[in-house]
A.B. asks: 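Supplied in structure tokens, the structure appears directly below.
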Amino acid sequence: MTAVARILEHRALQYRRTFRASLFGSFLSPVMFLAAMGIGLGGYVDTTGNAAFGGLTYLQFLAPGLLAATVMQSAAFESTFPVMGGLHWTRTFHGMYATPMSPLQIALGNLAWIAIRMTMVATVFTFVVVLFGAASSPLVILAIPAAVLTAMAFAAPIAAFAATQRTVNKFNAIFRFGITPLFILSGTFFPIASLPAAIQPLAWLSPLWHGVSLTRGLALGTIGDAPLLALAHVGVLSVLALGGIWAAARTFEARLVRG
Amino acid sequence: MSDDTAVALDGAGLPLIHARGLTKRFGAFIAVDAVDFDVQKGESFGFLGPNGAGKTTAMRMIGGVSPVSEGTLRVLGLDPATHGPQIRARLGVVPQQDSLDTELTVRENLVIYGRYFGLPRDECKRRADELLEFVQLSERANDQVDPLSGGMKRRLTIARSLINEPDLMLLDEPTTGLDPQARHLLWDRLYRLKQKGTTLVLTTHYMDEAEQLCDRLVVMDKAKIVAEGSPRALIAQHSTKEVTELRFPVGIQETLDGKLDGLAERIEWLPDRVLLYANDGEAVSVAVHERGLRPETTMVRRSTLEDVFLRLTGRTLIE
């Protein structure tokens, strides 16, 4: 634990230089998205009738989903380039390994930092959701940990993969063929029910869909309607996060030992 | 600290590093092939050899970051396989490639590194200021790392490696890539550490570096140790006192077959020059001229470790 705390101290010291801009960005992004899409686009959507959204305004539907989708995107970024940096560019992870720190601790510490960063992003986002009046239940506060769990379901496996890479070439593929399609197709912008029936079951394969379902259920207070389903969402995300942590411990060790 | 750590550090006369049959394999490739060596406390010990000889791999095994494939290795009396973190806690490591944090200032790099060794923050700050003084970087304490010159970054890395007051310093090619002035400044700092009794283990492919800093060294070639001793003893054993270097105009060297025979104890033909090994170099150069040969340049110098390496391996250190 103290080993992880030391890495957090290090990462926090690095972050101190950029945190104002970073937090402002975390605030500005949901404000713009919710204003443009939730209110602007939502104005048109709502006039055509909102039966598809279960009687919700488009803003109410969109906001919690966008929370999960946004932290997924940030998490994917935080678990690719900084890992490449620590292992190959500045080699700071190798510097850590020359101290009593073990590869497992280095992997855990850096993933813990991503979790903290994602907590910041999710908290600011949730604050904006509430500010826009898009939350209809006090349970919205639990959308923060749900979003962080979603983030880690992506961050841990992606970090594990990033540690096996020598160049950033494949990171582009992760974003182009993974993150971006998931961002759009996981029920963030429109209900999965609007997709052709044949591909609807594929949504179960999208970790983001599980995350969106959770954050939306919490923000709208409908999570209790299907408690077992909610548990299944948590289960899927947890398996991905824990599996990713296990894999990251192994790939970090393999890379650090090789030098 | 565990009991066996205490025993290992108190045990007088035990070598700080003890290696027998030390081997490292990467698949079918053997990077270090059954090498034996000991490093005593207070000693300055070097691995001299060309790139790819296995020096860095040996250092990484000693540093407890690369598992031993075969053989015995004890560092500070401990087995790296089971006590890696305890060993690393007592080491100061200067890696071949810098691993400084470019997002932090010079001073922050030292402070945060000390924290990884579990030192209290105030102690880290106190030591950081002292070490910056030692490596002559106090004026750059609050600057970012990136704009520093290569030599400054190396000095900062040395300061960083000293933050835990290590029992043993491992320096992997500490001055490779630096200009001569920066190298001399670095050697001066390392020499001071040596004078203070710090145990230094370093790898280098610069024979002048090995001669300046090492009390004792092993010459490595193709994963094996091919010779061991003090720089002076190695030179005495494997070379003559002096060397006469002859450089001929282009095309002439190839026509000299046999014409230099008998002039020296040993003759080495390099692509661009001929080396004649004898104890009296001046006499050799006179004899060359008496034979009617007219080299473009003639230089008489003392034998160095470069000559030892050439003798032992048939190759030069830097190719």
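Values in this document were obtained by computation on a predicted structure and should not be read as measured data. Sequence lines set the chain letters: A, B, ... in the order given, protein chains first and strands last, and positions in each chain run from 1.
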A.B. asks: What part of L256(A) lies closer than 4.5 angstrom to a heavy atom of chain B: side chain, backbone, both or neither?
C.D. replies: backbone

A.B. asks: Could you point out which residue of R154(B), R160(B), K153(B) forms a side-chain hydrogen bond (donor to acceptor under 3.5 Å, both in side chains) with D98(B)?
C.D. replies: R154(B)

A.B. asks: For chain B, which of G95(A), S102(A), P103(A) has the most heavy-atom pairs under 4.5 Å?
C.D. replies: G95(A)

A.B. asks: At a 4.5 Å cut-off on heavy atoms, which part of I112(B) comes close to chain A: side chain, backbone, both, or neither?
C.D. replies: side chain

A.B. asks: Do the ring centers of W209(A) and H233(A) come within less than 6.0 Å of each other?
C.D. replies: yes

A.B. asks: For F177(A) and F175(A), I'd like to know if the aromatic rings sit close, meaning centre-to-centre distance below 6.0 Å.
C.D. replies: no

A.B. asks: Against chain A, label V65(B) side chain, backbone, both or neither, depending on which of its atoms sit under 4.5 Å from a heavy atom there.
C.D. replies: both

A.B. asks: So that I can tick it off, tell me whether D172(B) and K55(B) are bridged by a salt bridge, with the cut-off set at under 4.0 angstrom between side-chain N and carboxylate O.
C.D. replies: no

A.B. asks: Just give me the residue among R16(A), H94(A), R258(A), E9(A) that pairs up with chain B most often, heavy atom to heavy atom, under 4.5 Å.
C.D. replies: E9(A)

A.B. asks: Considering the options T204(B), T176(B), T203(B), which one meets the side-chain hydrogen bond (donor to acceptor under 3.5 Å, both in side chains) requirement together with E209(B)?
C.D. replies: T204(B)

A.B. asks: Select one option (side chain, backbone, both, neither) describing which atoms of D101(B) are under 4.5 Å from chain A's heavy atoms.
C.D. replies: both

A.B. asks: Could you look at R115(B) and say if it's the side chain, the backbone, both or neither that has a heavy atom under 4.5 Å from chain A?
C.D. replies: both

A.B. asks: Is the centre of the F189(A) ring less than 6.0 Å from the centre of the F183(A) ring?
C.D. replies: yes

